[in-house]
Amino acid sequence: MDTPNTAPLAGIKVLDLSRLLPGPLGAQYLADLGADVIKIEETQAGDYAPPALRAVCNRNKRGLRLDLKHPDGQAALATLARDADVLIESFRPGVTTRLKADYDTLSRHNPRLVYCSITGYGQDGPLAQAAGHDLNYAAYAGVADQMGCGPDQPALSNLPVADILGGSLTAVMGILAALVDAQRTGRGRYVDIAIADGLLAGAVVPLATLNAHGDTRPAGGDTLSGALACYGQYRTQDGRYLAVAALEPKFWDTLCQRLGRQDLLALHRDEDAARQAWARAELQELFAQRPLAHWLHVLDGADCCVAPVLKLAESLAHPHFTARGMVHAARHAEYGAGAQVGSPVRMSGFQFAIARQAPLPGEHTPQILREAGYDEAAIASLSARGVAC
């Protein structure tokens, strides 16, 4: 029988040296599942993510500041690593070696340490030292080419798919696999996560098209990107959109019957581009005649895979997500009030909660150092010299 509200990662200690989005969000996923995550920032700029982003990527962590360029700061990190299960960092390749914070150094103190490096292009290869952001990784991985309404209309997503899919989620997958192995063998592993690799590995739909036809279709021209009238977004009279995803015949049939457009039934997944364009134009003309609320009423109860395209604020207020416990109101003493999205992982015997808001830089430094064995005089010395604050 499950023990009520037992966090699956309780007892796992994570040192999070990463910044901005991919690493901090991945570490937050672990914190949400019960890991004790310590966010370690340098004593100067630290994690320079905007406050609003810090607030939603660093909850359930504690905060520590260390000067890893100072020998005593390096020694403090080594001390923390002796009792840690996981370390996450996102420096460019080679930086941790100069800081004596690399896997070879720290694993000598703790052979069971799982050490995860998250970079744009990995620890080796021609692009290893190249700077980049989400769009660059998507461009190299052949994914940016597939995003848009057509070859001359590339799209930018406000959801950074490379950082999150290729970085955060891929890192968590590697970390959890290595943790299982470390508990079994007593030996940790070095986990090399390249964001571009992770995104490339997720490009399975265009890869299937490439394998089947010898090339990918241009943006807006594949099954899930605009080639079919039964799968797309349609503008309504009031400037809102309906998401139509009637890929299976039964859903398309239901949609056409409910709309009174039986003449479109035979054009469900017709491979003729001209006929698909005509069907798409017919649906667009129809939906443009009435506001979104009208079409939601017409399609109410129809099992046809049609949904309103909600704005994020509407999603957060939607009864489904509130019933699922996905929306939490939060107020941070420094960063202000705002919504938080809960952990998407639900499992028996565990209830997600926000135990603490995102830490301020160094908010828990004395507490963490005490736990690591430093006495008050040593902590005061580190603080006075700006090594730990």
- Message: What I'd like to find out is whether the side chain of Arg187 reaches to under 4.5 Å of the side chain of Arg112, using heavy atoms alone.
- Response: no

- Item | Polar side-chain atom of His133 near backbone of Leu135 as donor-acceptor pair, under 3.5 Å | no

- Message: Using side-chain heavy atoms (C-beta onward) and a distance below 4.5 Å, is Ser117 in contact with Gln123?
- Response: yes

- Above 12 or not: heavy atoms from other molecules or residues under 6.0 Å from CD of Gln153? yes

- Task: State whether Glu363 and Arg62 are salt-bridged, where the test is any N-O pair (Lys NZ or Arg NE/NH1/NH2 against Asp/Glu carboxylate O) under 4.0 Å.
- Result: no

- How many angstroms lie between atom CD of Glu282 and atom CG of Leu264, to the nearest 0.5 angstrom? 6.5 Å

- Task: May I have the step-by-step check of side-chain contact (heavy atoms from CB on, under 4.5 Å) for Asp192 and Asp197, ending in yes or no?
- Result: CA-CA 10 Å; Asp192 172 11; Asp197 290 354; over 6 Å; no

- Can you check whether Phe251's main-chain N or O pairs, donor with acceptor, with Asp303's side chain at less than 3.5 Å? no

- Item | Close aromatic pair by centroid cut-off 6.0 Å: Phe287 and Tyr241 | no

- In Å, rounded to the nearest 0.5 Å, how long is the span from CG of Asp253 to NE2 of His268? 7.5 Å

- Query: Can you find a pair of side-chain heavy atoms, one from Asp181 and one from Val114, that are under 4.5 Å apart?
  - Reply: no

- Is the shortest distance from a Lys or Arg side-chain nitrogen in Glu285 or Arg280 to a carboxylate oxygen in the other one below 4.0 Å? no

- Message: Would you say that more than 12 heavy atoms from the other residues, nucleotides or ligands in this model lie under 6.0 Å from the CZ of Arg82, or not?
- Response: yes

- Note on the structure: Test side chain to side chain donor-acceptor pair (under 3.5 Å), reference Glu42, set Arg19, Lys69, Arg65, output is Arg19

- Taking all atoms of both residues into account, what is the closest heavy-atom pair of Tyr335 and Ala55, and its distance? CD1-CB, 3.9 Å

- Task: Write down the atom of Leu316, the atom of Ala339, and the distance for their closest heavy-atom approach.
- Result: CD1-CB, 3.8 Å

- Message: Is it true that, when you exclude His294 itself, more than 12 heavy atoms of the residues, nucleotides or ligands shown sit nearer than 6.0 Å to its NE2?
- Response: yes

- With rounding to the nearest 0.5 Å, note down the distance linking CG in Leu267 to CG in Asp272. 9.0 Å

- Message: To the nearest 0.5 Å, what is the distance between OG on Ser18 and CD on Glu41?
- Response: 9.5 Å

- For the residue pair Ser315 and Leu310, establish whether any side-chain heavy-atom pair is separated by less than 4.5 Å. yes

- Query: Heavy-atom count around Arg370 CZ within 6.0 Å, excluding the residue itself: above 12?
  - Reply: yes

- Query: Between Arg59 and Gln340, does any side-chain donor sit less than 3.5 Å from a side-chain acceptor?
  - Reply: yes

- Item | Residues that, via side-chain heavy atoms closer than 4.5 angstrom, fall in one hydrophobic cluster with Leu68 | Leu15, Leu17, Ile38, Ile40, Leu64, Leu66, Leu77, Leu80, Leu87, Phe91, Val95, Leu99, Tyr103, Leu106, Leu113, Tyr115, Tyr190, Ile368, Leu369, Tyr374, Ile379, Leu382, Val387

- Message: Quick one: does any side-chain atom of Gln276 pair with a main-chain N or O of Asp270 as donor and acceptor, under 3.5 Å?
- Response: yes

- Task: Using atom types as modelled and distance alone, determine if a side-chain donor or acceptor of Thr119 lies under 3.5 Å from a backbone N or O of Gly122.
- Result: yes

- Item | Euclidean distance, Ser343 OG relative to Tyr29 OH, rounded to 0.5 Å | 8.5 Å

- Query: Just by modelled atom types, is the Leu296 backbone N or O under 3.5 Å from a matching donor or acceptor in the Asp300 side chain?
  - Reply: no

- Message: To the nearest 0.5 Å, what is the distance between CG on Leu299 and CZ on Arg258?
- Response: 6.5 Å

- Task: Measure from the side-chain N and O atoms of His213 to the backbone N and O of Asp215, and report whether any donor-acceptor pair falls under 3.5 Å.
- Result: no

- Task: Return yes when atom CD of Gln351 has more than 12 non-hydrogen atoms of other residues, nucleotides or ligands closer than 6.0 Å, and no otherwise.
- Result: no

- List the steps, then state whether salt bridge (Lys or Arg N to Asp or Glu O under 4.0 Å) holds for Asp67 with Arg385. CA-CA 10 Å; Asp67 181 0; Arg385 292 179 290 132; over 6 Å; no

- Any side-chain donor paired with an acceptor under 3.5 Å for Thr105 and Asp102? yes

- Query: Does Ser168 reach the main-chain N or O of Pro22 with its side chain, forming a donor-acceptor pair under 3.5 Å?
  - Reply: yes

- Message: In the structure I gave you, are the side-chain heavy atoms of Gln146 and Ser225 within less than 4.5 Å of one another anywhere?
- Response: no

- Query: Taking NZ, NE, NH1 and NH2 as the nitrogens, is one of them in Arg269 or Glu248 under 4.0 Å from a carboxylate oxygen of the other?
  - Reply: no

- Item | Donor-acceptor pair, side chain of Arg92 and main chain of Gln129, under 3.5 angstrom | yes

- Item | N/O donor-acceptor pair under 3.5 Å between His332 side chain and Ala358 backbone | yes

- Positive for side-chain contact (heavy atoms from CB on, under 4.5 Å) with Leu159, one of Ile164, Leu165, Asp134: Ile164

- Decide yes or no for Cys256 and Gln262: does some side-chain heavy atom of the first lie under 4.5 Å from some side-chain heavy atom of the second? no

- Query: So, Thr236 side chain and Arg240 main chain: donor-acceptor pair closer than 3.5 Å or not?
  - Reply: yes

- For the residue pair Tyr137 and Tyr121, establish whether any side-chain heavy-atom pair is separated by less than 4.5 Å. yes

- Task: Go through the steps to decide whether Lys13 and Asp85 satisfy the test salt bridge (Lys or Arg N to Asp or Glu O under 4.0 Å), and finish with yes or no.
- Result: CA-CA 5 Å; Lys13 181 172 287 186; Asp85 299 282; over 6 Å; no

- Check whether any side-chain heavy atom of Cys57 sits under 4.5 Å from a side-chain heavy atom of Leu21, and report yes or no. yes

